[in-house]
Amino acid sequence: MKKDEPPLTFPKTLEEFEYAFNEYGQLRHVKTGEPFVFNAREDLHRWNQKRYEALGEIITQYVYDLLEKKYNMTKETLPVDATGDEPTSFIYLSPDALSNPSKLLVLIQGSGVVRAGQWARRLIINQDLDSGTQIPFITKAMEEGYGVMVLNPNENYLEVKKPAKSTPLPSPTEPSDEPAEKRERKDDKEGKKKREFYEKYRNPQKEAETERIPIRENGSFEEHVLYVWDHFVTKASAKNVFIMAHSYGGLSFVELMNQREMQVKNRVCAVALTDSAHSIWLQETSKSMQDWMQQHCCNWVSSQEPLDTQLDHMLPDCPRVSAGTERHELTSWMSFLSIFRFFREVLETKEALTGYAHT
């Protein structure tokens with residue numbers, strides 16, 4: 001006999017989920033001490049996925065709480081002139097982010113479900129807080145006298161429920177380059193999967209339809225980075241701005257340079273990228289920008305070579321070195337200490353040159 005699919009409702013706190021972070025920052029079950037189990041219910045992939053996403057939302061809030069309570073960071077609302085009823089986003093600033101006269105570190109994550117303070121949700125849940133969040137970077141930056149700005153480039157819209165109405169017909173699929181035969185086999189397989197799902201349960205849960213209201217001037221990743229540059233970074237007192245960007249964050253930095261080339265060159269001391277998704281050809285960067293990137297950037301990329309091994313420069317922009325891991329999402333954590341060393345060396349060189357110029 002068919003059974004009902006269990007409701008897609010999940011706990012709202014870590015305690016209710018019966019998970020907690022231990023002293024090593026690892027997520028563990030409070031009773032068994034076991035790591036997180038994705039397949040909590042066999043044969044219920046959708047339910048397991050929704051449960052994982054619900055836990056992810058709780059993790060997002062957990063990281064926000066850490067930034068606010070443990071690191072005394074403040075939430076700054078975007079857009080800065082938001083009216084009472086419009087959708088807003090925010091970034092995090094350390095107490096001295098705008099006033100520190102010497103150094104400012106700007107952290108830009110990659111694209112996806114991650115929010116301010118995170119590199120990779122999967123690492124936070126399955127490995128630990130150190131590898132999956134920006135917290136080690138924030139801690140070290142504060143110890144070394146940097147102001148810190150944590151961007152939130154994936155928070156681009158407010159999602160609101162649409163009024164309930166009958167289910168729309170599936171939209172026709174995009175034309176595909178696949179041979180018709182292969183496509184039909186795939187369609188059969190998809191159809192079979194859907195049928196099995198609906199046949200397995202008498203009442204599969206219907207998900208609420210939602211629509212997205214974009215956040216003004218922050219409606220995309222790149223827009224957000226440009227907005228924060230214009231409204232916060234340019235207003236900061238720091239003589240030396242350092243940028244650390246992962247994956248798509250690297251692409252957004254290059255886009256920022258395209259839009260604000262002279263400002264970036266005047267303010268930014270060094271840029272550390274990890275497995276950056278930028279492309280100097282597709283993004284049509286100027287020769288002068290490429291030259292600047294060669295001097296001021298370093299990209300730690302996934303590679304089987306030992307950490308910091310120089311790799312072939314495939315293109316005339318950022319020098320590439322190994323992050324000491326082949327896993328894309330681990331590149332930031334693995335190159336963490338090397339990045340701060342790089343920042344120190346660039347600053348020392350700059351100060352030696354300016355000191356030399358003044359004598």
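Reckoned from all heavy atoms, side chains included, excluding hydrogens, waters and symmetry mates. All values reported here derive from a predicted model rather than from experimental measurement.
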Would you mind writing out the side-chain donor-acceptor pairs for residues 51-59 within the sub-3.5 Å range, not counting sequence neighbours?
unit_1	atom_1	unit_2	atom_2	d
Arg51	NH1	Val37	O	2.9
Glu53	OE2	Gln49	NE2	3.0

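With a 6.0 Å cutoff to the six-membered ring centre and a 45° limit on the axis angle, Lys50 does not count as a cation-pi contact of Phe10.
Between Gln259 and Glu255, the side chains place a donor N or O and an acceptor N or O closer than 3.5 Å (distance only, hydrogens not considered). With hydrogens and angles left out, the side-chain atoms of His224 and Ser89 include no donor and acceptor closer than 3.5 Å. Side chain to side chain, Glu159 and Thr210 meet the donor-acceptor criterion of an N or O pair below 3.5 Å. Of the N and O atoms on the side chains of Ser322 and Thr309, not one donor lies less than 3.5 Å from an acceptor on the other residue. Looking at Asp275 and Ser302, their side chains do bring a donor and an acceptor atom within 3.5 Å of each other.
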Derivation and outcome, side chain to side chain contact (heavy atoms under 4.5 Å, CB included), residues Asp65 and Val63: CA-CA 5 Å; Asp65 289 346; Val63 174; over 6 Å; no

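With respect to the salt-bridge test (charged N to carboxylate O, under 4.0 angstrom), the residues Lys265 and Glu261 qualify. We find that Asp230 and Lys235 are not joined by a salt bridge, their nearest charged nitrogen and carboxylate oxygen being 4.0 Å or further apart. A salt bridge is defined here as a Lys NZ or Arg NE, NH1 or NH2 lying under 4.0 Å from an Asp or Glu carboxylate O, and Arg122 with Glu329 meets this definition. Under 4.0 Å is where a charged nitrogen must lie from a carboxylate oxygen, and between Asp81 and Arg216 at least one such pair does.
Distance check: Phe336 CZ to Met244 CE gives 10.0 Å after rounding to the nearest 0.5 Å. Here the CG atom belonging to Asn152 is positioned 12.0 Å from the CD1 atom belonging to Ile108, to the nearest 0.5 angstrom. Within the model, atoms CD of Gln134 and CD of Gln118 stand 8.5 Å from one another, a figure rounded to the nearest 0.5 Å.
Not counting sequence neighbours, the partners of Thr32 by the side chain to side chain contact (heavy atoms under 4.5 Å, CB included) test are His29, Glu34. Glu144 is linked by a side chain to side chain contact (heavy atoms under 4.5 Å, CB included) to Lys103, Lys140, Tyr146, Phe340, Arg344, counting only residues two or more places apart in sequence or in another chain. For Trp229, the ring pair (Phe, Tyr, Trp, His ring centres under 6.0 Å) test picks out no residue, with sequence neighbours left out. Taking the side chain to side chain contact (heavy atoms under 4.5 Å, CB included) definition, one finds that Glu345 meets it with Arg341, sequence neighbours left out.
Using a distance-only test at 3.5 Å, with no hydrogens or angles considered, a donor-acceptor pair links the side chain of Glu86 to the main chain of Thr83. A distance-only check finds no donor-acceptor pair linking the side chain of Thr133 to the backbone of Asp130 [under 3.5 Å]. Panel note: side chain Asn100, backbone Asp96; no donor-acceptor pair is recorded below 3.5 Å. Of the possible polar contacts, none joining the Asn156 side chain to the Pro214 backbone as a donor-acceptor pair under 3.5 Å is found. In terms of modelled atom types and a separation under 3.5 Å, the side chain of Gln109 and the main chain of Arg115 share a donor-acceptor contact. The backbone N or O of Leu251 lies less than 3.5 Å from a partner atom in the side chain of Gln283, making a donor-acceptor pair. Without hydrogens or angle criteria, Glu223 side chain to Gly219 main chain gives a donor-acceptor distance under 3.5 Å.
Using cut-offs of 30° and 60° for the angle between ring planes, the Tyr248 and Phe221 rings count as perpendicular. A perpendicular orientation is assigned to the rings of Tyr64 and Phe90, their planes being inclined by more than 60° (bins at 30° and 60°).
Taking the six-membered ring where the residue is Trp, the centroids of Trp333 and Phe137 are separated by 6.0 Å or more. Ring centroids of Tyr62 and Phe21 are separated by less than 6.0 Å, placing the two rings close together.
Residue Trp300 forms a side-chain hydrogen bond (donor to acceptor under 3.5 Å, both in side chains) with just one option from Asp308, Thr274, Thr325, and that option is Asp308. Among Asn218, Ile215, Leu151, Thr88, the one residue that satisfies the side chain to side chain contact (heavy atoms under 4.5 Å, CB included) test with Leu78 is Asn218.
Residue pairs meeting the ring-ring contact (aromatic ring centres under 6.0 Å, His included) criterion with at least one partner in residues 265-287, sequence neighbours excluded, are absent.
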